[in-house]
Amino acid sequence: QVQLVESGGGLVQPGGFLRLSCAASGNIFRIIAMGWYRRAPGKERDLVATITSGGSTNYADSVKGRFTISRDNDKNTVYLQMNSLKPEDTAVYYCNANVISGTIQKYLEVWGQGTLVTVSS
């Protein structure tokens with residue numbers, strides 16, 4: 001059993017900043033990659049940023065230069081620092097992890113429940 005716990009969402013004004021956190025827990029043999037996705041009102045869920053166990057990152061074009069993804073391997077936690085926020089960043093943000101389970105010895109894709117980010121003046 002692997003679970004993701006997200007935190008850090010909320011209401012912020014345009015130009016402001018937020019830092020999202022996602023902690024993975026359970027019997028994890030290895031984390032292959034973690035990332036953030038978002039679903040804006042009336043739209044499908046899209047990739048925001050990902051980071052592999054080796055530190056390789058990938059960002060959506062819409063957030064490059066404004067968002068930074070990072071991880072703390074000791075805490076099995078991934079972060080998303082969001083700066084210069086825009087109203088179009090308003091969405092439910094979901095944490096994602098691709099792991100090898102230490103319990104069932106299989107590859108798992110795990111999703112968090114989502115945290116709402118609202119950018120409005």
Side-chain angles (χ1 to χ4, degrees):
Q1 185 78 9
V2 179
Q3 295 181 330
L4 304 178
V5 180
E6 301 150 322
S7 63
L11 175 64
V12 66
Q13 295 184 347
F17 59 90
L18 284 174
R19 189 192 191 207
L20 305 183
S21 299
C22 174
S25 62
N27 194 340
I28 301 172
F29 177 75
R30 180 186 178 190
I31 297 178
I32 305 300
M34 298 185 73
W36 292 94
Y37 295 71
R38 67 185 181 186
R39 179 180 284 129
K43 297 184 177 180
E44 297 182 355
R45 182 158 56 188
D46 294 323
L47 180 146
V48 177
T50 60
I51 185 168
T52 68
S53 60
S56 179
T57 59
N58 183 47
Y59 295 93
D61 289 340
S62 59
V63 306
K64 287 181 179 178
R66 299 189 298 118
F67 291 10
T68 302
I69 189 170
S70 61
R71 62 185 295 170
D72 185 333
N73 292 332
D74 293 336
K75 298 180 179 180
N76 283 344
T77 300
V78 65
Y79 306 95
L80 185 68
Q81 180 67 47
M82 304 184 294
N83 298 328
S84 302
L85 284 162
K86 305 175 181 179
E88 49 263 45
D89 294 318
T90 296
V92 177
Y93 285 71
Y94 298 90
C95 182
N96 170 268
N98 295 307
V99 309
I100 302 297
S101 172
T103 302
I104 63 176
Q105 301 175 4
K106 291 179 62 178
Y107 171 87
L108 294 176
E109 184 177 34
V110 186
W111 290 91
Q113 293 298 308
T115 183
L116 177 63
V117 172
T118 302
V119 184
S120 177
S121 60

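All heavy atoms count here, side chains included; hydrogens, waters and symmetry mates do not. Sequential numbering from 1 along the given sequence is applied to the chain's residues. Being a predicted model, the structure only gives us computed values, none of them experimental.
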task = Report yes or no: does T77 contribute a side-chain atom to a donor-acceptor pair with the main-chain N or O of K75 at less than 3.5 Å?
result = yes

In residues 1-11, what donor-acceptor pairs under 3.5 Å come from side-chain atoms, sequence neighbours left out?
unit_1	atom_1	unit_2	atom_2	d
E6	OE1	Q113	N	3.2
E6	OE1	G114	N	2.5
E6	OE2	C95	N	2.5

request  = Give the cluster check for I32 versus F29: same hydrophobic cluster or not, with ILVMFWY residues linked at side-chain heavy-atom distances below 4.5 Å.
outcome  = yes

query = Considering all heavy atoms of both residues, which atom of P14 and which atom of S120 are nearest to each other, and what is their separation?
reply = CD-C, 3.5 Å

request  = Indicate yes or no: at least one non-hydrogen side-chain atom of V12 is less than 4.5 angstrom from one of T118.
outcome  = no

query = Is there a side-chain contact between D89 and F67, using heavy atoms and a 4.5 Å cut-off?
reply = yes

request  = Could you tell me which non-hydrogen atom of L47 sits nearest to which non-hydrogen atom of Y59, and how far apart they are?
outcome  = CD2-C, 4.4 Å

note = Heavy-atom closest pair (I28 atom, V99 atom, distance to 0.1 Å) is CG2-CB, 4.1 Å

inquiry  = When you group the ILVMFWY residues by side-chain heavy-atom contacts below 4.5 Å and let the links chain together, are L108 and W36 in the same group?
reply    = yes

query = Can you tell me if Y107 uses its side chain to pair, donor with acceptor, with the backbone of S101 under 3.5 Å?
reply = no

ask   = Do the non-hydrogen side-chain atoms of Y79 and D72 ever get within less than 4.5 Å of each other?
value = yes

inquiry  = Checking the side chain of R66 only, and the main-chain atoms of S84 only, is there a donor and an acceptor separated by less than 3.5 Å?
reply    = yes

remark   = The salt bridge (charged side-chain N to carboxylate O under 4.0 Å, His left out) partners of K106 (sequence neighbours excluded) come to none

request  = Heavy atoms only: give me the nearest R71-T52 pair and the separation to one decimal.
outcome  = NH1-O, 3.2 Å

Contact check, side chains of R39 and Y94, non-hydrogen atoms, under 4.5 Å = yes

message = When you compare the side chain of T115 with that of R38, does any pair of heavy atoms fall below 4.5 Å?
response = no

query = Can you name the side chain to side chain contact (heavy atoms under 4.5 Å, CB included) partners of N96, sequence neighbours left out?
reply = Y37, N98, E109, W111

request  = Heavy atoms only: give me the nearest L18-L85 pair and the separation to one decimal.
outcome  = N-CD1, 3.9 Å

